[in-house]
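Reckoned from all heavy atoms, side chains included, excluding hydrogens, waters and symmetry mates. In what follows, every chain begins at residue 1, and chains take the letters A, B, ... in the order their sequences are listed.
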2 protein chains.
Amino acid sequence: MNKRRDRVTIVDVAAEAGVSFGTVSRVINNDVHVKPQTRERVLETMRRLNFVANRQARSLAGGRTNTIGLLVPDLGTGYIGEIIRGIDTELGDAGYDLMLYTTHRAATKEAGYVSNLVQGMVDGLILVLPRNPSDYIGIMTQRKFPFVLVDHQGTGEDCPAIGSTNWQGAFNATNYLVKLGHKRIGFITGWLDLGAAVDRLEGFKAALRTNKIPLLPDLIYEGTFAQLDGYTGALRFLDMKKPPTAIFASNDVMAMAAMDAVREKGLRIPEDISIMGFDDIPQASLMRPSLTTVRQPLEQMGRIAAQVLFDILKNPDHKHNRIELPTEIILRESTATLRKLQEEEPDLIRFH
Amino acid sequence: MNKRRDRVTIVDVAAEAGVSFGTVSRVINNDVHVKPQTRERVLETMRRLNFVANRQARSLAGGRTNTIGLLVPDLGTGYIGEIIRGIDTELGDAGYDLMLYTTHRAATKEAGYVSNLVQGMVDGLILVLPRNPSDYIGIMTQRKFPFVLVDHQGTGEDCPAIGSTNWQGAFNATNYLVKLGHKRIGFITGWLDLGAAVDRLEGFKAALRTNKIPLLPDLIYEGTFAQLDGYTGALRFLDMKKPPTAIFASNDVMAMAAMDAVREKGLRIPEDISIMGFDDIPQASLMRPSLTTVRQPLEQMGRIAAQVLFDILKNPDHKHNRIELPTEIILRESTATLRKLQEEEPDLIRFH
DNA sequence: TTGAAAGCGCTAACAG
DNA sequence: CTGTTAGCGCTTTCAA
């Protein structure tokens with residue numbers, strides 16, 4: 001590797017600036033114990049020599065890496081992309097670099113992955129939608145390693161996390177559907193291992209209760225947030241003798257798939273059946289009819305996650321709990337007032 | 001740092017296995033000079049002790065960082081996400097880490113950014129859709145720094161790059177529209193500073209020529225790949241006395257926006273007007289009507305970019321040129337055969 | 001086939 | 001305020 005040849009190290013800088021390399025190290029780390037004049041001279045030399053501190057060496061020696069790790073399940077839906085955008089913005093402003101890891105990539109040794117990172121590769125970790133966070137959380141809390149969870153509903157542990165008001169969002173959305181006149185609402189759940197999915201389901205149920213609408217088990221389809229579930233779930237509903245007049249999916253991806261199913265059955269949205277999503281991913285506004293949905297402030301969640309991490313970095317002993325950002329219903333074209341006919345003669349509509 | 005306490009190192013493994021730590025290192029690196037029996041014993045010990053090699057130490061000692069940098073303009077459209085997915089897969093398999101940089105983040109000092117990375121932060125760089133690559137390419141080629149461009153049509157320089165057959169894709173797509181009977185086709189270009197955009201335009205023109213269809217300047221709208229351009233461009237076309245019967249947008253995002261414009265005018269897709277996109281981003285198949293488009297193998301482009309980078313890393317002197325992956329037309333619902341009526345009485349259709 | 005020794009570039013005490 | 005001295009955990013010669 002001839003790289004070694006032309007790489008400038010703190011030793012080079014020290015020699016050039018006429019100081020010991022220890023002093024150079026201090027300058028790099030913004031140590032106060034450096035005469036301003038000396039510091040300036042060193043900085044100037046670094047600039048002139050085009051010096052860049054070696055990451056691995058720094059972390060090996062036990063210092064800061066100025067890098068934070070981001071663990072995401074994948075980059076598929078744009079959902080994650082929004083969150084990353086927020087994180088990225090904050091990190092950039094703060095002068096941190098971003099190391100991206102998709103857990104998909106190391107599915108088997110996920111935990112080992114984390115423990116590796118925890119060993120100094122990065123200064124902190126942001127875990128987006130962690131699948132089985134209890135594995136990590138143990139290690140990290142124990143080692144007092146800075147981390148923040150994004151969009152994960154605590155499994156009981158009490159740790160820094162950013163989420164949104166899933167329960168309230170689902171509650172409000174359901175209420176809205178009821179106000180439109182819908183009484184038979186089919187609900188497609190997310191992956192119930194995730195707290196967020198459970199909360200959405202509970203919000204839905206609570207709203208029915210509040211409105212004194214009976215909860216029919218047949219009108220709840222258990223999905224996993226995956227596209228196919230939206231499709232299958234919707235078909236299940238539509239094949240009932242008395243199908244629902246509205247379908248509320250636990251995320252936009254499933255809602256979109258549900259729309260497909262509805263259309264295949266020859267029904268119109270929203271005239272014959274209303275569709276409600278959750279998340280407000282970028283596509284939601286682009287499709288036709290555009291999707292009425294519960295908006296999670298994804299980008300903002302990312303930003304705040306980063307901010308919280310910075311705060312932990314600064315005050316390790318400060319207590320950080322879960323932060324919930326408000327969700328918001330975004331009215332679009334996929335929902336509409338229930339029509340009388342629709343209520344009474346579902347079959348007529350079915351084959352209009 | 002009490003981390004030190006419970007960390008397992010090669011020294012620990014060596015002690016446990018009764019060998020020198022040099023031997024353990026050899027095992028880690030799959031060095032042939034280890035007696036199978038010894039290797040097995042060491043491996044067993046590593047497993048038992050839950051040993052994980054320290055990345056930073058390895059790279060510090062080896063002069064490599066085992067990290068590659070990825071520079072992307074943003075994470076907005078899912079377009080980039082697909083490419084990253086491909087890159088990420090390969091990197092993971094090869095044991096590399098991914099450092100993600102969005103140029104948006106440091107718009108002003110883009111070039112400085114790169115030169116920073118080039119100095120040892122990463123072993124190589126993948127630049128996706130670089131905006132003004134000539135700035136970097138100079139530095140990098142000069143320093144013989146490993147890099148690969150993705151989806152950038154050379155600005156004359158001869159360097160490792162992955163792209164797709166933009167010209168051919170546009171040519172074929174146009175031909176297809178012509179075969180459907182369309183003779184008046186509106187074309188919305190991409191940002192013509194990008195070679196890919198130019199190639200698509202040229203492919204379109206060539207197809208018209210081949211089919212002896214006159215090229216009307218009014219039927220070419222100069223866009224920038226941004227959503228709004230699709231909308232504006234389509235409106236421009238639709239307001240003509242004799243509007244086109246098909247619109248071919250240089251990317252899917254613009255095509256989707258064009259669909260909106262078309263619908264706002266009260267026209268149906270594809271009955272009244274056909275829409276063709278380019279890229280095949282994930283959304284293309286999700287919208288209704290689903291979008292007929294020219295597929296770029298984005299994920300594969302990412303994979304190959306990584307592979308090429310690895311090859312450069314291994315054989316720095318090997319010559320690497322641009323690789324073009326084939327595009328492919330994906331037939332969906334947004335295009336259809338031209339109807340006689342549509343051809344002759346555009347106004348009638350306009351207000352059906 | 002294995003062991004020993006010399007760093008990789010930097011941080012973090014510890015002296016002065 | 002600054003220099004010196006140990007390592008951090010591993011790869012790589014160089015001997016044996």
Side-chain angles (χ1 to χ4, degrees), chain A residues 1-42 45-46 49-67 115-121 123, chain B residues 1-42 45-46 49-67 95 119-123:
Chain A
M1 321 263 140
N2 60 349
K3 277 199 266 167
R4 195 146 290 153
R5 281 255 80 68
D6 41 79
R7 160 174 284 151
V8 356
T9 74
I10 51 173
V11 177
D12 301 321
V13 176
E16 270 285 311
V19 296
S20 80
F21 73 84
T23 301
V24 177
S25 173
R26 287 190 192 92
V27 172
I28 294 174
N29 293 291
N30 279 315
D31 190 319
V32 255
H33 306 295
V34 181
K35 188 159 44 160
Q37 190 182 337
T38 314
R39 173 189 307 282
E40 196 38 63
R41 186 149 39 90
V42 172
T45 314
M46 296 196 330
L49 264 44
N50 251 316
F51 168 81
V52 182
N54 180 310
R55 265 225 162 58
Q56 353 286 325
R58 293 186 81 175
S59 44
L60 222 209
R64 296 270 72 75
T65 61
N66 270 315
T67 303
S115 73
N116 221 350
L117 289 169
V118 166
Q119 283 182 24
M121 198 95 103
D123 294 343
Chain B
M1 322 259 142
N2 60 349
K3 277 195 272 168
R4 211 136 281 154
R5 283 254 81 69
D6 40 80
R7 162 176 284 149
V8 182
T9 74
I10 51 172
V11 178
D12 301 321
V13 176
E16 270 286 309
V19 296
S20 79
F21 71 84
T23 301
V24 177
S25 173
R26 285 190 193 94
V27 172
I28 295 174
N29 294 289
N30 278 315
D31 190 320
V32 257
H33 305 294
V34 181
K35 190 160 40 159
Q37 190 184 337
T38 313
R39 173 189 310 280
E40 198 36 65
R41 185 151 40 90
V42 172
T45 314
M46 296 196 328
L49 264 44
N50 247 316
F51 168 82
V52 184
N54 180 309
R55 273 310 235 319
Q56 4 284 322
R58 294 189 77 176
S59 24
L60 220 212
R64 278 161 307 104
T65 63
N66 274 314
T67 301
Q119 283 178 33
M121 203 95 101
V122 298
D123 293 342

If you only use heavy atoms from C-beta on, which nucleotide in [options] is closest to the side chain of [X]?
X: A:Phe51; options: C:dC10, D:dT11, D:dC1; answer: C:dC10
X: B:Leu60; options: C:dG3, C:dC8, D:dG7; answer: C:dC8
X: B:Ala61; options: D:dG9, D:dT2, C:dT11; answer: D:dG9
X: B:Arg26; options: D:dT4, C:dT11, C:dG3; answer: C:dG3
X: B:Ala53; options: C:dC10, D:dC10, D:dG3; answer: D:dC10

- Task: Specify the residue among B:Val19 and B:Ala57 whose closest nucleotide of DNA chain C lies further upstream toward the 5′ end.
- Result: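 The answer here is B:Val19.
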- Starting at the 5' end of DNA chain C and moving along, which residue's nearest nucleotide shows up first, B:Val34 or A:Gly22?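 This one resolves to B:Val34.
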State whether [X] places a side-chain N or O below 4.0 Å from either non-bridging phosphate oxygen (OP1 or OP2) of [N].
X: B:Thr23; N: C:dG3; answer: yes
X: B:Ser25; N: D:dT11; answer: yes
X: B:Asn54; N: D:dC8; answer: no
X: B:Thr38; N: C:dT2; answer: yes

Rounded distance in Å - [atom1] ([X]) to [atom2] ([N]):
X: A:Asn29; N: D:dC1; atom1: CG; atom2: P; value: 17 Å
X: A:His33; N: C:dA15; atom1: NE2; atom2: P; value: 16 Å
X: A:Asn66; N: C:dT11; atom1: CG; atom2: P; value: 10 Å
X: B:Met46; N: D:dG9; atom1: CE; atom2: C1'; value: 14 Å
X: A:Glu40; N: D:dT2; atom1: CD; atom2: C1'; value: 18 Å
X: A:Arg41; N: D:dC1; atom1: CZ; atom2: P; value: 14 Å
X: B:Asp31; N: C:dG3; atom1: CG; atom2: C1'; value: 13 Å
X: A:Lys35; N: D:dG3; atom1: NZ; atom2: P; value: 10 Å

- Closer to the 5' end of DNA chain D via nearest nucleotide, is it A:Val32 or A:Phe21?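 Going by which nucleotide is closer to the 5' end, it is A:Val32.
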Do [X] and [Y] touch side chain to side chain, with heavy atoms closer than 4.5 Å?
X: A:Ile28; Y: A:Phe51; result: yes
X: A:Val8; Y: A:Val13; result: yes
X: B:Val24; Y: B:Val19; result: yes
X: A:Arg58; Y: A:Asn66; result: yes

- Enter the distance from B:Ile10:CD1 to B:Thr23:OG1 here, rounded to the nearest 0.5 Å.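 Those atoms lie 10.0 Å apart.
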- Check for a donor-acceptor pair, side chain of A:Asn29 on one end and backbone N or O of A:Ser25 on the other, with a separation under 3.5 Å.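 Judged by distance alone, yes, a pair lies under 3.5 Å.
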- Query: Which part of the nucleic acid, if any, lies within reach of B:Thr9 when heavy atoms closer than 4.0 Å are counted: base, sugar-phosphate only, or nothing?
  - Reply: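 Since only primed, P, OP1 and OP2 atoms lie under 4.0 Å of B:Thr9, the category is sugar-phosphate.
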